[in-house]
Each structure stands twice: as structure tokens, then as C-alpha cells.
Amino acid sequence: MPVTYLIKFDIRPEQRERFMALLGSVLDAMRHEPMFHEAVLHADPENENRMMLYETWEDHRDVLEVQVKRPYRNEWQAALPELLANPRDISVWHPLRSDRASGRD
């Protein structure tokens, strides 16, 4: 069953560029994982240093036992205490319905 993670970040302003570079590398690698569905990074319109990552995977157990242990995540994980002003806020959700815009004329 697919699972979605909402991860909120409070980034130290002086670390924003490094945060974006490290997260970008992780996202670029994740997209090639067979259990990966999608990820969307959002910025708070009132504070560019508050971001939310919406990430959907095929299986929660796979994320916990396989994905979070991938070597391409090591530098990112190690840097988080320096990058963030506060610990990440992570919540787990199960999709019930998905709607997307149809082709536009």
C-alpha cells in the first residue's frame, strides 16, 4: 500500500544553499528507486527557509528497512543537525484518492 510522508524543515538561513544542494542530490537519486512514486518540495511563501517535502513510496516497510539506508542519503543525514534550526517534523499518511488535471485544450 502506498505511503506518503510530509516532512517539514526549518532551515538555518545561512545553510539554505547547502540544504538545497544536498536535498537535490537525494531527490535526484530517489527518482530511480523502483518503489518511489513522487516527491514535491514546497516553500512557505512567507518564509523561504521553511519547506515541506511531500514524498510518496510504494511501501512503508521498504522505506524504513531499505530506502533510508541507501548510501546516497549518508551526507544528507549527517548534515541535518547543521542545516536545520529545529528537528524535522515528519508525519505519515496513506493516500485515499489522487486527482490530477486532465489534458488541457
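Contact between Ile11 and Gln15 at its shortest, heavy atoms only, is CG2-C, 4.1 Å. Across Pro2 and Thr56, no two heavy atoms sit closer than the pair CB-CG2, 4.4 Å.
At a threshold of 4.5 Å between non-hydrogen side-chain atoms, the residues Met51 and Leu53 do not count as touching. At least one side-chain heavy atom of Leu41 sits under 4.5 Å from a side-chain heavy atom of Met20. Here the side chains of Leu83 and Arg12 are not in contact, with every heavy-atom distance at 4.5 Å or above. Residues Asp10 and Leu84 fail the side-chain proximity criterion, which asks for heavy atoms closer than 4.5 Å. Annotation: side chain of Phe36 is not in contact with side chain of Gln67 (no heavy-atom distance under 4.5 Å).
Residues Val92 and Ile7 share a single hydrophobic cluster, defined by chaining ILVMFWY side chains whose heavy atoms lie under 4.5 Å apart. With hydrophobic clusters built from ILVMFWY side chains whose heavy atoms lie under 4.5 angstrom apart, Met35 shares a cluster with Met30. Leu27 and Val66 are members of different hydrophobic clusters when ILVMFWY side chains are connected at heavy-atom separations under 4.5 Å. Under the 4.5 Å side-chain contact rule for hydrophobic residues, Trp57 and Ile90 share a cluster.
With sequence neighbours left out, Glu14 forms a salt bridge (Lys or Arg N to Asp or Glu O under 4.0 Å) with no residue at all. Qualifying ring pair (Phe, Tyr, Trp, His ring centres under 6.0 Å) partners for Phe19, counting only residues two or more places apart in sequence or in other chains: Phe9, Trp76. Listed by chain and number, the residues in a side chain to side chain donor-acceptor pair (under 3.5 Å) with Glu48 amount to none (sequence neighbours excluded). Residues passing the side chain to side chain donor-acceptor pair (under 3.5 Å) test with Asp44, sequence neighbours excluded: Arg50. Under the side chain to side chain contact (heavy atoms under 4.5 Å, CB included) criterion, Pro87 pairs with no residue at all, not counting sequence neighbours. Residues satisfying the salt bridge (Lys or Arg N to Asp or Glu O under 4.0 Å) test with Arg31, not counting sequence neighbours, are Asp28. Partners of Glu33 according to the salt bridge (Lys or Arg N to Asp or Glu O under 4.0 Å) rule, which considers only residues two or more places apart in sequence or in another chain, are Arg70. Qualifying salt bridge (Lys or Arg N to Asp or Glu O under 4.0 Å) partners for Glu38, counting only residues two or more places apart in sequence or in other chains: Arg100. With sequence neighbours excluded, no residue forms a ring pair (Phe, Tyr, Trp, His ring centres under 6.0 Å) with His42.
Leu6 belongs to a hydrophobic cluster with Val40, Met52, Tyr54, Trp93, counting contacts under 4.5 Å between side-chain heavy atoms of Ile, Leu, Val, Met, Phe, Trp and Tyr, direct or through other members. Under a 4.5 Å side-chain heavy-atom cut-off, the cluster of Ile, Leu, Val, Met, Phe, Trp and Tyr residues that includes Met1 has no other member.
Atom CG of Asn74 is separated from atom CG of Leu22 by 11.5 Å, given to the nearest 0.5 angstrom.
Applying the salt bridge (Lys or Arg N to Asp or Glu O under 4.0 Å) test to every pair with at least one member in residues 72-85, sequence neighbours left out, gives these pairs: Arg18-Glu82.
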